[in-house]
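Just the heavy atoms: all of them, side chains too, but no hydrogens, waters or symmetry mates, feed the values below.
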Amino acid sequence: MSDLNYPDRCVITRDSDNVDEFGNIIMTEIYNGVCDFQPSGISNQSVIVYSDVVYLPGAVMTEDNDHIEITTATNRNRKGIVRKVNDLGI
C-alpha cells in the first residue's frame with residue numbers, strides 16, 4: 001500500500017449473468033475497502049456534470065460500467081458508474 005491517505009470506503013460491483021427468483025440481476029462484488037474520493041464537477045446554469053475521481057490503494061480489476069458506492073469519511077454517500085479506468089504507477 002502506498003503512503004497516500006485513504007479516508008473513504010468504496011464498494012465496486014459488476015452485473016453478473018445471473019438473476020434471482022424475482023428477475024433482479026445479481027451483482028458480483030469486485031472491491032470492498034478503503035479509497036480516496038475526490039469530488040469534481042462542472043456546472044452550466046442548471047446542469048451539473050460530475051467527474052469525480054476515486055483512488056484505490058492497489059490494483060483492482062475495475063472496468064467501465066461497474067457500479068460504485070462511496071461512503072466518505074464524513075459519512076456522505078455517493079453512487080455512480082465507472083466511466084474511465086486509469087492504472088497509475090505509484
Side-chain angles (χ1 to χ4, degrees):
M1 192 181 282
S2 70
D3 292 335
L4 295 176
N5 186 21
Y6 299 97
D8 309 310
R9 300 273 317 163
C10 294
V11 177
I12 301 172
T13 56
R14 183 176 300 146
D15 294 346
S16 71
D17 294 330
N18 301 320
V19 294
D20 63 13
E21 66 263 14
F22 304 108
N24 299 317
I25 296 174
I26 297 174
M27 304 297 282
T28 302
E29 188 173 281
I30 306 301
Y31 179 77
N32 187 343
V34 296
C35 63
D36 183 15
F37 171 65
Q38 299 292 315
S40 178
I42 299 171
S43 65
N44 184 4
Q45 295 179 354
S46 63
V47 176
I48 299 173
V49 177
Y50 293 103
S51 55
D52 302 331
V53 176
V54 175
Y55 295 98
L56 302 175
V60 178
M61 296 295 118
T62 57
E63 297 177 356
D64 291 350
N65 298 318
D66 284 350
H67 300 257
I68 185 167
E69 294 184 33
I70 301 155
T71 303
T72 66
T74 58
N75 214 25
R76 293 188 183 269
N77 294 312
R78 186 81 166 253
K79 293 181 181 181
I81 303 293
V82 175
R83 293 291 178 217
K84 185 176 181 182
V85 177
N86 288 330
D87 293 322
L88 302 174
I90 297 178

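- Counting heavy atoms of neighbouring residues, nucleotides and ligands inside a 6.0 Å radius, atom CD1 of Ile81 exceeds 12 of them.
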| request: May I have the step-by-step check of side chain to side chain donor-acceptor pair (under 3.5 Å) for Asp52 and Ser40, ending in yes or no? | output: CA-CA 5 Å; Asp52 302 331; Ser40 178; 5.8 Å; no
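- Ser16 places a side-chain N or O within 3.5 Å of a backbone atom of Ile26 that can act as its donor or acceptor partner.
- The distance from the OG1 atom of Thr13 to the CG atom of Asp15 is 7.5 Å, given to the nearest 0.5 Å.
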| message | Determine whether Glu29 and Val11 satisfy the following criterion, side-chain contact (heavy atoms from CB on, under 4.5 Å), listing intermediate values before the conclusion. | response | CA-CA 7 Å; Glu29 188 173 281; Val11 177; 4.1 Å; yes
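- Across all non-hydrogen atoms, the minimal contact from Ala73 to Pro7 is CB-O, 3.5 Å.
- Taking every heavy atom of both residues into account, Asp8 and Thr72 meet most closely at OD1-CA, 3.2 Å.
- Here the closest non-hydrogen pair linking Asp36 and Tyr6 is N-CD2, 3.7 Å.
- Note on Met61: it does not cluster hydrophobically with Val82, by side-chain heavy-atom contacts below 4.5 Å among ILVMFWY residues.
- Note that the SG atom of Cys10 and the CD1 atom of Ile68 stand 4.5 Å from one another [nearest 0.5 Å].
- Looking at every heavy atom in both residues, Asp66 comes nearest to Arg14 through OD1-NE, 2.8 Å.
- For Glu21, the CD atom sits in a packed shell: over 12 heavy atoms of surrounding residues, nucleotides or ligands are nearer than 6.0 Å.
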| Checking side-chain contact (heavy atoms from CB on, under 4.5 Å) for the pair Leu56/Ile12: CA distance, chi angles, key distance, verdict? | CA-CA 11 Å; Leu56 302 175; Ile12 301 172; 3.9 Å; yes
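- Note on Met27 and Ile30: separate hydrophobic clusters, where clusters join Ile, Leu, Val, Met, Phe, Trp and Tyr whose side-chain heavy atoms are under 4.5 Å apart, directly or indirectly.
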| message | With side-chain contact (heavy atoms from CB on, under 4.5 Å) as the criterion, how do Arg9 and Asn32 come out once you've worked through the C-alpha distance, each side chain's angles and the decisive distance to 0.1 Å? | response | CA-CA 7 Å; Arg9 300 273 317 163; Asn32 187 343; 3.4 Å; yes
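- Tyr31 OH: more than 12 foreign heavy atoms inside a 6.0 Å radius.
- Environment of CG in Asp64: crowded, with over 12 heavy atoms of neighbouring residues, nucleotides or ligands closer than 6.0 Å.
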| Could you go step by step and tell me if Arg83 and Asn65 meet the side-chain contact (heavy atoms from CB on, under 4.5 Å) rule? | CA-CA 6 Å; Arg83 293 291 178 217; Asn65 298 318; 2.7 Å; yes
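- Both cation-pi conditions hold for Arg78 and Tyr50: the charged atom is under 6.0 angstrom from the six-membered ring centre and inside a 45 degree cone around its axis.
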